[in-house]
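Just so it is clear, the structure is predicted and the values come from calculations on it, not from any experiment. Heavy atoms only: backbone and side chains are in, while hydrogens, waters and symmetry mates are out.
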Amino acid sequence: MSNAGHIAKDRAPGGARPPSRLRQLAAASIGNAVEWYDWYAYSFLAVYFAGQVFPEGAGNSLVPLLSTFAVFAVGFFMRPVGGLLMGAIADRRGRRTALTLTILLMGGGSLLVALTPTYATTGVLAPLVLVVARLVQGLSVGGEFAASTTFLVESAGPGRRGLFSSFQYVSTTAGQLLASGTAALLATLLTEQQMGQWGWRVAFLFGALLSLLGLWIRRGAQETLPQALHSGETPGAEQQAADRPGLFEALRRHPRQSLLICGITAGGTIAYYTWTTYLPTYAQVNAGFDKGDSLTVGTLSLVFFALLQPLGGMLSDRIGRKPLLLGFSLGFAVLAVPLLHLVTDAFVSLLLVQCAGMVLLTGYTSVAAAVNAEVFPARVRAAGIGFPYSLTVALFGGTAPYVGTWFKQAGHADLFPWYVAALCLVSFFVYLTLPETARQKLDK
């Protein structure tokens, strides 16, 4: 092969210099960790700022906290909108543009939370500002998965899509741990009164500053969408605009793939939110587990979970995605009920149950980004993933704590494990229909 041929081979689409794999991975992962720090900081600190933003109901001190979590839910259901809009931007203007926009939105939302006035000072304006901030953050985090998923997988080298995919949940978990650690550190250094007055604002200001770091890293990343790389090379803006996918093109032209994303995600999201978010509360409510110990177990298991992800991703590059997905879904369909019934008020019992679930869950989380990206062609990949994925997460993942609590209040706590198992069984049958894509070339 001639020297010219070697040069052409080493060039990225559009004649740009080939991207650094490590820089691409850092751009997606660090930015994603910052996004999820801002998202989770709200839930960890709600108990401190609830009373300042919402008025207490007559004789009920829980009204501010309930109102604060209602705003959290509103942000959750903004995620499908973010997945659709930011996904469309990623498909039309490029992945890097969408990633820049999502982290700017999340940082702006975090700053707005930090600057939210108190109800005593501004009245109803205080909760309105908080709602707007949370809507912006929900829009951002919904778009983040769509954009970062496509960017991660498209940045991977040959035979490394599973490994790169796994960093989606490594970084998500890192953001969650950073948020809980920041909240715990502030609570240790400050008094209860200081936390309620101004301490909680420090965490959100820190999140806004972290967003600037993530923005700087992402600005140095290289675009992975060929159409975006070529957009400045061809004359005729009208033709370029005509070639860009419409907002609902993925849903209109690929309805089967859109439904497939829902089926792929349903079991994974209920298992993920049950084991990473709701299980400590489940242990407290159903087994009388100590609150402090449950948070310790949750933190330890999250660290264990993050370490497992790259191993699962590399394994999928060797043996394929389907074996991991089938192992995850069948494992939870069979073991969710006995595992949750093993939870007692003993520290070791919850730790073992949570870690066992994390091992099974890795079969989904480590490959989810790769599997989703391999379903759609590049032209509509981000929007095609973003909307059905975020909608399914909002319907089944975000509601997991509520459904589990509702079953308990209704006197049927034993039904929640069966609910988790049933959704995982649905996904098992979906996974059976999937073709193996690990060794197929990714559509560009």
Report summary line: Per ring-ring contact (aromatic ring centres under 6.0 Å, His included), Tyr278 is matched among Phe416, Tyr419, Phe407, Tyr273 by Phe416
Query - Check: Phe376 main-chain N/O paired with Arg381 side-chain donor or acceptor under 3.5 Å - result: yes
Query raised in the report: Hey, what's the ring geometry for Trp200 with Phe49, parallel, tilted or perpendicular (30° and 60° as the breaks)?
Result: tilted
Query raised in the report: Are the aromatic rings of Tyr364 and Phe332 close, with centres under 6.0 Å apart?
Result: no
Query - With sequence neighbours excluded, residues passing ring-ring contact (aromatic ring centres under 6.0 Å, His included) with Phe289 - result: none
**Report entry** Side-chain donor/acceptor of Gln309 to backbone N/O of Thr362, under 3.5 Å
**Finding:** no
Report task. Find the distance between CG (Leu152) and OG (Ser29) and round it off to the nearest 0.5 Å. Result -> 5.5 Å
For residues 345-356, tabulate all N or O donor-acceptor pairs below 3.5 Å that involve a side-chain atom, not counting sequence neighbours.
residue : atom : partner : partner atom : Å
Ser349  : OG   : Thr344  : N            : 3.2
Ser349  : OG   : Thr344  : OG1          : 3.0
Ser349  : OG   : Ala346  : O            : 2.8
Gln354  : NE2  : Trp275  : O            : 2.6
Gln354  : NE2  : Ser301  : OG           : 3.4

**Report entry** Heavy-atom check, side chain of Arg96 versus side chain of Arg218, under 4.5 Å
**Finding:** no
Query raised in the report: Is any side-chain heavy atom of Ile264 closer than 4.5 Å to a side-chain heavy atom of Leu434?
Result: yes
Query raised in the report: Can you tell me if Gln168 and Ser148 form a side-chain donor-acceptor pair at under 3.5 Å?
Result: yes
Query raised in the report: Taking Arg201 for the side chain and Ala114 for the main chain, is one N or O donor matched with an acceptor at less than 3.5 Å?
Result: yes
Query raised in the report: Could you go step by step and tell me if Val202 and Thr182 meet the side chain to side chain contact (heavy atoms under 4.5 Å, CB included) rule?
Result: CA-CA 10 Å; Val202 174; Thr182 302; over 6 Å; no
Requested in this report: May I ask you to decide if the ring planes of Tyr169 and Phe305 are parallel, tilted or perpendicular, using 30° and 60° as cut-offs?
Outcome: perpendicular
Query raised in the report: Between Phe44 and Tyr40, how do the two ring planes meet: parallel, tilted or perpendicular, split at 30° and 60°?
Result: tilted
Requested in this report: Tell me yes or no: between the side chains of Arg21 and Gln24, is some donor less than 3.5 Å from an acceptor?
Outcome: no
Query raised in the report: Is a side-chain donor or acceptor of Ser110 paired with a backbone partner of Gly107 at a separation under 3.5 angstrom?
Result: no
Report task. Taking the side chain as every heavy atom from C-beta outward, state whether Glu144 and Trp39 have any pair of such atoms under 4.5 Å apart. Result -> no
